[in-house]
Amino acid sequence: MRDLAAFVYLAVIVVVTLPAINAGGYEALSFNTPLAHQIMREAKSAGMRAYLNSSVRPCDDFYAYACGNYARINPATEQSTSTDLFTTLNGGYQRHVRQLLRQPKLTSDSGTEMRVKYFYDSCLNRTMWQQRAQLLQLFKELGGLPALEGSAWDEFSFDAVELMAQLLRRFGKITLLNVKVAPGIAYSQTNRLYFGQHTDPLGEQASPWAQLLSDDLLLQRNLQQLLGLSAEIAHSTAVELIKLQLKLLRSKGEPSEHVPRLVMLSELDTPGLNLTRFVRSWLGLNYQLPVYEYVPSYLRQLQQLLASTPKRVLANYMLSTLLNDFMLEQVATEEQQQQLCARKTSELFETYVQHMVYAELALQNPQIPGMLRGLWQEQKLAFEQLLRHSWLDASTLEQALAKLKAMSFYIMGTEAQELEQHYDELVISSADYFGNVQRILELRGQQLRLRLQLVPNPKLYEGMPMSPFYVPAYNRVFIPASFLQHRYFWDEAYPMALKYATVGYSLAQELAHGFDDYSRRFDEQGSLRNWWQQNATAEFEQRRQCLLAQFSEGPTMPDENIAANVGVAIAFQAYSNWLQQQTSELELESLPRMSHSPQQLFFLGLAQLWCSDLLPQLRKLLDSNVAYTPHEQRLQSMLANSLAFAETYACEQNSRMNPTHKCLIF
Ligand SMILES: *[C@@H]1O[C@H](CO)[C@@H](O)[C@H](O)[C@H]1NC(C)=O
Ligand SMILES: *[C@@H]1O[C@H](CO)[C@@H](O)[C@H](O)[C@H]1NC(C)=O
Ligand SMILES: *[C@@H]1O[C@H](CO)[C@@H](O)[C@H](O)[C@H]1NC(C)=O
Ligand SMILES: *[C@@H]1O[C@H](CO)[C@@H](O)[C@H](O)[C@H]1NC(C)=O
């Protein structure tokens, strides 16, 4: 058993380091020989088998079967509090970033490439004591951090709404209230102001809650190590902030509440949360145009929280959002310092770093963007087949197909020109880390305000997501550059089943998001318009409720479950289409030492996308505190509702993975 495990590790390492070898300048090295393919297939098989717990029957618990050994191989630790494929993918992405940042500066580098490299240098060369003094000074300018000032903190001058406005104005920081500048929903050709929920639970993140909680563990460490608070105060402060954070997140609102509503600012004003005053402080002018409000229950809850939370907690909470940007953890080795600085650089130059990684990956694997596009078309076709055979009436179907047809696909980081302009005036100095961060955040604050006067530009999407996401206003799916690191998912040498189950499924899930309970209200142009016949709406709602009822044991993110429910059907259909087109023997649709049929491999590959581990103390916190769909639950819902899955693994009626009562959206 031990020897086998050693082989497994070796094999996994071979696969994972292949892209790195490529990047090292060995492009000529061929992975296209039959022997190389055979080795890669062996390695893939070993990797998949390593996670399997073959003592579990697939029909009893497919997650335990597919991922039973995952936590043993990839345990969550204090450092990485949750592990899953997306964490691994992010790790690979970060390695690419580090390589790019370490390359020498060339005269052929663009202005922004230079900025990014100098910023990285400044991060490697920062001095902790200087950074701390500068941050304390900044906190002082903003009224002081209560946790540091103790009884000297000036509570009477504190004004939560004013601090919220100042942080947004100076640094583009979102604190208690989410503020977005995005295309209008009734008319998507102009940008509008949106006010609503602090963190968007509709957001597409692998495990947002785990992320949140591990951020808070980090916060505690930072308060202690960077700001020099005593362990006791650091702990009690962090706990207070987590509690506030959870309260802010708990209000999820009904899906219909997420549909923004156009109002005049003054309609939203209350004495405790005066948005007219907030916007005037933020923009420095009286804003007269209508704005969008979404999740109104969140605004009410925020008013309550502002009234009931001690001022020092509010101030600690808002100011500590700057900690992560300005401060760097104390690390032991140069290697760790480089990792940290690469991460910092990609956080602060998000889209531009995506662009650098994209340019490099596309150079190494010029066929990948085309492959993704092809796969996208196949998923679209499969979805069309699915919709045509669904319960939709003729009129709704026609509109749905129009929306599907218009849905577009965009790989992030492909636009160089606009990004250069974006950073055109940014000053970066290799000797001034703190000043650099300050100027980058100031640019963000300024760009946010500026965007209100500009036409929407879908190419400059902010953030650095690790998985694809759908934006209703653009009717477009965005693919992060990290997705081009294909060998984590598929390779020509592997069975195609894996390509359809992983990248194919990810695209399918985003296509499905276009028709989830929120996005279905938007049309092919990205405007809010009800194109559903009354009966179709009623039927959709009934099916959504069916899915919801399956989760009676914990509140969930229903739209994620809808997307998973539909996504798996699309991806399987696309794979079936591909299988049907094959004329020769399907020798390669299997893996050595595995007896899985092509269809079984598809579902196994899909399930292993969701293998994960979470630090026990986080799991406990999650269970008792928040609503979330852990990977395991999502997989269970996805597969237990899939007829194709039950058939593929020949699950008897009423086994856990094949309940008689199924919920299907389409
Ligand atoms: C594998 O499954 C068996 C049967 O359910 C269980 O007893 C065992 O603990 C599992 N192994 C791991 C590593 O989870
Ligand atoms: C909000 O602030 C504005 C400007 O300071 C003021 O005119 C208005 O009366 C305030 N509204 C409420 C409800 O307090
Ligand atoms: C490193 O930082 C110090 C000040 O913090 C500065 O004097 C020095 O020039 C920097 N080194 C480089 C190589 O920029
Ligand atoms: C809508 O549903 C009702 C009741 O099920 C049915 O009688 C009616 O024919 C349906 N209308 C259309 C347009 O399908």
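Note that the coordinates shown come from a computational prediction; the quantities given were computed from them, not determined experimentally. Positions are given from 1, in the same order as the sequence printed here. For ligands, and for the atoms within them, numbers begin at 1 and follow the listed sequence.
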What pairs of donor and acceptor atoms, side-chain ones from residues 158-166 against any protein atom, are under 3.5 angstrom apart with sequence neighbours left out?
from, atom 1, to, atom 2, distance (Å)
D159, OD1, V161, N, 3.1
D159, OD1, E162, N, 3.2
D159, OD2, R277, NH1, 3.1
E162, OE1, S281, OG, 2.7
E162, OE2, Q166, NE2, 2.9

Checklist entry - Quick one: are the ring centres of Y292 and F195 less than 6.0 Å apart? => result no
Checklist outcome for this item: Applied to residues 493-502, the salt bridge (Lys or Arg N to Asp or Glu O under 4.0 Å) test, sequence neighbours excluded, yields none
Checklist entry - Between S266 and D269, is a side-chain hydrogen bond (donor to acceptor under 3.5 Å, both in side chains) present by the stated rule, with each step listed? => result CA-CA 5 Å; S266 56; D269 286 345; 5.5 Å; no
Between ligand 1 and the protein, tabulate every N or O atom pair separated by less than 3.5 Å, reporting distance only.
from, atom 1, to, atom 2, distance (Å)
ligand 1, 2 (O), N53, OD1, 3.3
ligand 1, 2 (O), N53, ND2, 2.3
ligand 1, 11 (N), N53, ND2, 2.8

Next on the checklist: Checking N90 against T87: is there a side-chain donor and acceptor pair closer than 3.5 Å?
Outcome noted: no
Next on the checklist: Does any N or O of ligand 2 fall below 3.5 Å from an N or O anywhere on N274, backbone included?
Outcome noted: yes
Determine all donor-acceptor pairs shorter than 3.5 Å in which one atom belongs to a side chain in residues 306-313; sequence neighbours excluded.
from, atom 1, to, atom 2, distance (Å)
S308, OG, Q304, O, 3.0
T309, OG1, L305, O, 2.6
R312, NH2, G150, O, 3.4

